[in-house]
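Read the structure below first, then the notes.
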Amino acid sequence: MNKRDGEGSSRKNVDSAQEQDMSTNSSSSVIAAFRVFQQELDTKHDKYERLVKISRDVTIESKRTIFLLHRMTNVPDPEDVLNDAEVKLDGVRQKIGQIAEELRGEDIFQFHRAFTPGIQEYVEAVSFLHYIRHRSLISLEEINARLVFMRTEKADAKGSAEGQPLGTQVLTFQVTPSDYLLGVADLTGELMRMCISSVGNGDIDTPFQLSQFLRQIHDGFSYIGNTGPYEVSKKLHTLRQSLGKVEDACYTLRVRGSEIPKHMLADVFSSRTTLIDPEEGVV
């Protein structure tokens, strides 16, 4: 091997080593970027799972509140039941405050699917309580007005060590219009059950009030039509069924109420509602 061949071989080795170093550096930068992406995705996934767990707690406590409200027709002092329901809903709102903390600085629609079942159940419970108290439908603005939370935080570590006062931050949670509509749609089923309980207790006024109220809700959803959320169209069928059962109860009370003893009205009403085809809505 002559001197020129040796220099050429040495130069090739150097070039090969440089190319290998560049390839390694490029690979390292790509891996580093993907590690950043992995950390971001893991963080969002963990937050999503935490929101799902909180939403389950909100759903459970809201359902318990609804079950409690259904008992008010069978207790001597309904006001005690309503007050207990208010206390339970205050606890639910604290859970929603945890959702607001998790969503601080985040895009709410990235995590909306995680907590929407709980929010819908909360809207159903709070609107049910509102109807019992006021015989009207609670507005979205009234619901959101009670979802403002005060959180106390330390300004910084130095301020905390020196005993300086803690800072207060205001967190808000806004129920979306779609969650509000879906919660109100579920409310109609609870009002139908309330009608059954009222008939069983000999209350012949409440079913007629519920019939008028449900008709107004049905008309409101009819105005929305196909422009509303997709889930609303699916729940509209159940809403029509609830309205049909309540109107059937009113028909029974109006036509046969005077000839049937009050303690038998519930049995007659129950037997008539079973005749409604579950696959057939009310026009």
Side-chain angles (χ1 to χ4, degrees), residues 50-104 108 111-152 168-198 206 209-210 213-214 217 231 235 238-239 242:
R50 289 195 300 270
L51 288 170
V52 169
K53 292 179 181 179
I54 299 173
S55 177
R56 288 173 182 167
D57 294 338
V58 172
T59 300
I60 292 172
E61 293 302 320
S62 298
K63 285 184 179 294
R64 288 175 178 172
T65 303
I66 293 172
F67 296 153
L68 176 64
L69 290 172
H70 278 300
R71 292 174 46 202
M72 63 168 295
T73 57
N74 300 319
V75 296
D77 190 357
E79 191 63 30
D80 290 341
V81 176
L82 296 178
N83 292 334
D84 291 342
E86 285 284 6
V87 173
K88 283 185 174 295
L89 287 178
D90 286 338
V92 174
R93 280 187 277 270
Q94 294 304 314
K95 293 288 185 181
I96 296 177
Q98 296 178 17
I99 296 179
E101 288 183 354
E102 293 286 350
L103 295 176
R104 185 189 309 179
I108 182 175
F111 303 94
H112 183 251
R113 188 179 292 272
F115 59 83
T116 180
I119 299 303
Q120 293 177 29
E121 200 70 34
Y122 167 74
V123 171
E124 181 182 355
V126 74
S127 58
F128 190 29
L129 175 60
H130 184 86
Y131 176 80
I132 294 174
R133 284 193 179 276
H134 306 288
R135 288 297 189 266
S136 63
L137 179 64
I138 190 171
S139 66
L140 177 60
E141 291 74 16
E142 290 177 285
I143 292 177
N144 286 333
R146 302 195 65 178
L147 296 179
V148 179
F149 311 97
M150 307 297 293
R151 292 293 183 264
T152 302
T168 301
Q169 186 175 13
V170 179
L171 289 178
T172 60
F173 182 89
Q174 298 292 305
V175 176
T176 62
S178 61
D179 286 342
Y180 172 74
L181 290 175
L182 294 172
V184 171
D186 291 334
L187 167 68
T188 58
E190 304 306 329
L191 295 179
M192 184 269 294
R193 296 180 183 90
M194 181 181 177
C195 176
I196 297 176
S197 300
S198 300
T206 298
Q209 296 175 357
L210 289 171
F213 182 69
L214 288 176
I217 292 180
E231 295 84 355
K235 293 192 177 185
T238 305
L239 190 159
S242 299

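- How far CG of N144 is from OG of S139: 8.5 Å, rounded to the nearest 0.5 Å.
- Under the side-chain hydrogen bond (donor to acceptor under 3.5 Å, both in side chains) criterion, T176 pairs with S178, D179, sequence neighbours left out.
- Remark: E142 pairs with no residue by the salt bridge (Lys or Arg N to Asp or Glu O under 4.0 Å) rule, at least two apart or across chains.
- Taking the ring pair (Phe, Tyr, Trp, His ring centres under 6.0 Å) definition, one finds that F149 meets it with nothing, sequence neighbours left out.
- In this structure, the side chains of L103 and L51 come closer than 4.5 Å at one or more pairs of heavy atoms.
- Note: H130 and H134 have tilted aromatic rings, judged against thresholds of 30 and 60 degrees for the angle between ring planes.
- Scanning for ring pair (Phe, Tyr, Trp, His ring centres under 6.0 Å) contacts around F111 gives an empty result, with sequence neighbours left out.
- To the nearest 0.5 angstrom, K63 atom NZ is 11.5 Å from T65 atom OG1.
- Each of I96, T59, L147, I143 was scored for a side chain to side chain contact (heavy atoms under 4.5 Å, CB included) with I119, with one residue passing: I96.
- The distance from atom OG of S55 to atom CD of Q98, rounded to the nearest 0.5 Å, is 12.0 Å.
- Note on ring orientation: taking the six-membered ring where Trp is involved, the planes of F115 and F173 are perpendicular (angle over 60°, cut-offs 30° and 60°).
- The distance from atom OG1 of T206 to atom CE of M194, rounded to the nearest 0.5 Å, is 5.5 Å.
- No side-chain heavy atom of T188 sits less than 4.5 Å from a side-chain heavy atom of T238.
- Residues that satisfy the side chain to side chain contact (heavy atoms under 4.5 Å, CB included) test with T172, not counting sequence neighbours, are V148, V170, Q174.
- Residues passing the ring pair (Phe, Tyr, Trp, His ring centres under 6.0 Å) test with Y180, sequence neighbours excluded: none.
- Under the rule for a side chain to side chain contact (heavy atoms under 4.5 Å, CB included), the partners of E190 that lie at least two apart in sequence or sit in another chain are I66, H70, E124, F128, R193.
- For R56, the side chain to side chain contact (heavy atoms under 4.5 Å, CB included) partners at least two apart in sequence or on another chain are V52.
- Note that CD1 of I99 and NZ of K53 are 14.0 Å apart. Values are rounded to the nearest 0.5 Å.
- With sequence neighbours excluded, no residue forms a salt bridge (Lys or Arg N to Asp or Glu O under 4.0 Å) with K88.
- Separating the CG atom in L210 from the OG atom in S242 is a distance of 11.0 Å, to the nearest 0.5 Å.
- A side chain to side chain contact (heavy atoms under 4.5 Å, CB included) with V175 holds for exactly one of V126, L140, T116; it is L140.
- Looking at heavy atoms from C-beta onward, D90 lies out of side-chain contact with Q94 at the 4.5 angstrom threshold.
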Exercise. side-chain contact (heavy atoms from CB on, under 4.5 Å) between K235 and Q120: does it pass, once the steps are laid out?
Worked result: CA-CA 13 Å; K235 293 192 177 185; Q120 293 177 29; 3.3 Å; yes
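- Sorted by first and then second residue, the salt bridge (Lys or Arg N to Asp or Glu O under 4.0 Å) pairs with a member in residues 66-81 read E79-R133; sequence neighbours excluded.
- Residues E61 and K95 form no side-chain contact, since every pair of their non-hydrogen atoms from C-beta on lies 4.5 Å or further apart.
- Annotation: side chain to side chain contact (heavy atoms under 4.5 Å, CB included) contacts of S62 (sequence neighbours excluded): V58, V92, E121, Y122, A125.
- Judged as a salt bridge (Lys or Arg N to Asp or Glu O under 4.0 Å), and not counting sequence neighbours, the contacts of E102 are K47, R50.
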